[in-house]
J.: 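Let me begin by handing over the structure; questions about it come next.
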Amino acid sequence: MNFSEIFPGVIFAQFAPNSKYIVLSNGTRVIVKETDQLQSINFTHSQINDAQIQQIEISPNSELIALSYPKKGYIEIRKIDDINWCARIDDSVETIQWCPDSIQLAVISEFQIKASIYNLNNKNVTHFKNPKQISFSHNGRFMVMSERKDAKDFIGIYSVRDWKILNYQSSDTLDTALLQWSYNDSFIGVQDTELNFRLNLHCPCQGLQMKFEPYSYSLGIKISRFANQSDLMAIGANDEKLRIINLLTLKQITELEHKITKDVLIYKEEEYSDQYSQRVVTKFTQMEQGCKINLSKTQNGISLLEWSYKDDYIATKFDGMQNCVFIWDMELLTLKAIMIQILPVKSFTWSKNSTTLTVCTGSSKIFFWNPTCTSACDMPFDKNFHVVKIDWSSDQKSMLLFDKSDVVVAYPTLDDSF
C-alpha cells in the first residue's frame, strides 16, 4: 500500500463522485487535487475575509462545488475545472444538498423556515414551507421531504421535473430523525426519534405499508440501513439485538443477539516487539472457538451498522463491547466472526467491489477483514497519525484516511484474497 504525504489542518476532505478529484478545505479555502497525481487544479479563497465554510457539497456529475457560509448568509458555487467561474446565492443557510441533475441546489434555511430549490440554468426558485429533511430517490426522479405542521410530522413526495406534489401523508412519528429510500425506490424508511422505537415504511404512491414498533416506553432505534441490492433492512437499537426486516413480506425475519457462540471465528489483535526491526508489530491471533471473553458492558445499543456491497455480510459495533466488530453472515443469518481490537472501534466501511471490511480504532494502523483472513497495516510516518475515519473512492483505487485535523490519501491493492 502506498501513501501520500500528510495534508495538515484539513477539516473537510471528500472524493468527487467520479473519483478523479479530491476536494480539501481548512475552513476558509478550498483546494481541488487530482486523485492519481495529487496535483492542485483549483484553489479557492472566500470572497469575504475570515468567512468560515460550514458545508461543502460536490455535485453528482463531479463538475461543481457548493460552499455554504451560514454566518455570512450566502452560498458560493465553483466549477472544478474552471477557476474563474463563480456563482453566488444569497440566503440564510442551514444545510445544502445537490439535486440529482447537478443543475439545481436544495437549500434548507436557518431554523428550517423554508426549503428553496435554486436552478442554476434559468435562475428559477421554488420554495417549500416548514422543511426538516430532504432525500432524493436513487433514480433521481423524486424527492421526499419531511415537514412539521401543526405540531405533527408529514412527508411529501415531489417530482424533481417540475416540483409538483405527488403524494402527501402523515409520517406517524413523534419527531422524524431519518429519511431514506430503499435500493429500488419501492419504499421510504421513516425513522422516529431515538426516544421512541418506531420505524415506518411508506410506499411513495400508496402511503404507510408497515409500522415497526417491537416495544414501547423505552429508548429506540440508533441506526437503520436498507440493503444495497436486496429487499432487506437492518435495524440497530438501544438493546443488543440486530433486527432484519424482509421488504417483500413486510415482516421481521430474525433477531440476532450480540453473544459469542461456539461456532464463531474470533480474531484478536495483539502486539509484539520484532527483535530485528525493533518495531512493534501487529498481528491477529485466531482464538479457540467457544472461548469466553471478559468484556465490560458500560453502554448499550448498536451505534455502527454497514452492509457489504453484495449484502452477504453486515458489520456492527455494539457499544457494550466497544473494542469488537461483529460480522454477520446474511445468507445463514448467523454471527460469522468477531474482531477484537486493542482500542475502541472508531469506524469501519466495506469495499464497494469486494468483501473486504476496513476498520480503524484511532491508532496508527488500519485493519482489514475478509472471509479468508484478517490483517493490519501500519502508517509509514514518523509523526503519529491516528486514523479515526476511512472513506473509499467510488472506483476503489484509493481511500482517504482521517486524523482529527490531518488527511492522508492511501492507494491500496485489495481483492478478496488480499
Side-chain angles (χ1 to χ4, degrees), residues 177-178 191 194-195 197 218-225 234-244 255-261 264-272 280 282-308 313-330 334-350 356-370 374-379 384-392 399 401-405:
L178 178 66
Q191 179 181 319
E194 195 174 330
L195 300 176
F197 198 133
S218 183
L219 292 178
I221 299 172
K222 296 189 74 170
I223 189 169
S224 62
R225 292 286 186 271
I235 298 174
N238 275 280
D239 54 16
E240 64 178 30
K241 296 177 181 179
L242 172 65
R243 295 170 171 87
I244 307 297
E255 285 184 352
L256 303 172
E257 296 190 19
H258 288 71
K259 294 183 178 180
I260 300 172
T261 61
V264 178
L265 298 174
I266 302 175
Y267 302 94
K268 186 176 182 181
E269 178 192 356
E270 294 182 345
E271 294 182 344
Y272 66 95
V280 176
T282 300
K283 68 174 183 178
F284 280 91
T285 301
Q286 184 171 335
M287 303 179 68
E288 295 182 2
Q289 292 185 345
C291 66
K292 294 183 179 181
I293 304 173
N294 296 322
L295 297 172
S296 61
K297 294 188 176 183
T298 57
Q299 301 181 43
N300 283 320
I302 300 171
S303 58
L304 297 177
L305 185 158
E306 293 289 341
W307 290 86
S308 64
Y313 295 98
I314 288 180
T316 60
K317 175 191 173 184
F318 173 51
D319 284 345
M321 303 178 182
Q322 295 194 22
N323 292 44
C324 296
V325 178
F326 292 79
I327 301 164
W328 308 85
D329 189 325
M330 285 295 100
T334 58
L335 183 59
K336 170 76 172 180
I338 301 175
M339 296 174 66
I340 302 177
Q341 309 291 152
I342 295 175
L343 298 175
V345 175
K346 295 294 185 181
S347 68
F348 50 69
T349 183
W350 290 95
T356 299
L357 181 69
T358 313
V359 181
C360 63
T361 62
S363 67
S364 58
K365 305 176 181 66
I366 49 179
F367 307 94
F368 301 94
W369 177 91
N370 72 13
T374 307
S375 63
C377 178
D378 290 301
M379 302 292 289
N384 288 332
F385 188 94
H386 303 288
V387 185
V388 297
K389 181 184 174 184
I390 301 171
D391 183 22
W392 282 93
M399 58 183 179
L401 307 179
F402 294 82
D403 196 343
K404 291 182 179 180
S405 60

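Quick note: residue numbers are just sequence positions, from 1.
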J.: Does the ring of F348 carry K317 above it, NZ/CZ under 6.0 angstrom from centre and within 45° of its axis?
T.: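 Here K317 fails the 6.0 Å and 45° test against F348.
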J.: Please list, chain by chain and in numerical order, all residues satisfying ring pair (Phe, Tyr, Trp, His ring centres under 6.0 Å) with F385, sequence neighbours excluded.
T.: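 By the ring pair (Phe, Tyr, Trp, His ring centres under 6.0 Å) rule, F385 matches no residue at all.
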J.: List the steps and the verdict of side-chain contact (heavy atoms from CB on, under 4.5 Å) for D319 and N300.
T.: CA-CA 5 Å; D319 284 345; N300 283 320; over 6 Å; no
J.: Is there a side-chain contact between T349 and M399, using heavy atoms and a 4.5 Å cut-off?
T.: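 SC-SC contact between T349 and M399 ruled out.
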J.: Does K222, at its NZ atom, have more than 12 non-hydrogen atoms belonging to other residues, nucleotides or ligands within less than 6.0 Å?
T.: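 Check passes, neighbour count above 12.
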J.: Would you call S224 and L178 a side-chain contact if the rule is heavy atoms closer than 4.5 Å?
T.: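 The answer is yes; the side chains approach within 4.5 Å.
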J.: Tell me every residue that passes side-chain contact (heavy atoms from CB on, under 4.5 Å) with K268, counting only those two or more places apart in sequence or in another chain.
T.: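 Listed in chain order: E270, M287, I340.
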J.: Name all residues meeting the salt bridge (charged side-chain N to carboxylate O under 4.0 Å, His left out) criterion together with E257; count only those two or more places apart in sequence or in a different chain, and write none if there are none.
T.: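 With sequence neighbours excluded, E257 shows a salt bridge (charged side-chain N to carboxylate O under 4.0 Å, His left out) to K259, given in chain and number order.
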J.: Check side-chain contact (heavy atoms from CB on, under 4.5 Å) between D391 and all other residues, then give those that pass, not counting sequence neighbours.
T.: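 Listed in chain order: F15, L400, F402.
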J.: How many angstroms lie between CG in N370 and OG in S375, if you round to the nearest 0.5 Å?
T.: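 That separation rounds to 8.0 Å.
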J.: Can you name the residues that form a salt bridge (charged side-chain N to carboxylate O under 4.0 Å, His left out) with D403, not counting sequence neighbours?
T.: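 With sequence neighbours excluded, D403 shows a salt bridge (charged side-chain N to carboxylate O under 4.0 Å, His left out) to no residue whatsoever.
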J.: Would you say the side chain of C377 lies within less than 4.5 Å of the side chain of I366, judging by non-hydrogen atoms?
T.: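 Answer yes - side chains close enough.
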J.: Working to the nearest 0.5 angstrom, can you tell me the gap between R225 CZ and L304 CG?
T.: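 Between atom CZ of R225 and atom CG of L304 there are 9.0 Å.
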J.: Once ring pair (Phe, Tyr, Trp, His ring centres under 6.0 Å) is applied, do any residues pair with W328, and if so which ones, sequence neighbours excluded?
T.: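 With neighbours one apart ignored, the set is H258.
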J.: Mind checking whether F284 and F367 have parallel, tilted or perpendicular rings, split at 30° and 60°?
T.: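 Perpendicular, since the angle between the ring planes exceeds 60°.
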J.: Can you list the steps and then say if K336 with W369 is a side-chain contact (heavy atoms from CB on, under 4.5 Å)?
T.: CA-CA 12 Å; K336 170 76 172 180; W369 177 91; 4.3 Å; yes
J.: Look up atom CD1 in I244 and atom CD1 in I235, then write down how far apart they are to the nearest 0.5 Å.
T.: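 The distance works out to 8.5 Å.
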J.: Using only heavy-atom distances, determine whether the side chains of Q341 and T361 contain a donor-acceptor pair under 3.5 Å.
T.: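 Checked: Q341/T361 side chains show no N/O donor-acceptor pair below 3.5 Å.
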J.: Between M321 and I338, is any pair of side-chain heavy atoms under 4.5 Å apart?
T.: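 Answer no - side chains too far apart.
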J.: Go through it in stages, so that I can follow the logic: the residues are L401 and M379, the test is side-chain contact (heavy atoms from CB on, under 4.5 Å), and I'd like the CA-CA distance, side-chain angles, deciding distance and then a yes or no.
T.: CA-CA 10 Å; L401 307 179; M379 302 292 289; 3.6 Å; yes
J.: Any chance you could measure F197, atom CZ, to D239, atom CG, to the nearest 0.5 Å?
T.: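 One gets 6.5 Å once the value is rounded to the nearest 0.5 Å.
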J.: What pair of heavy atoms forms the shortest contact from Y313 to D329, and how long is it?
T.: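 Heavy atoms of Y313 and D329 come nearest at CD2-CA, 4.0 Å.
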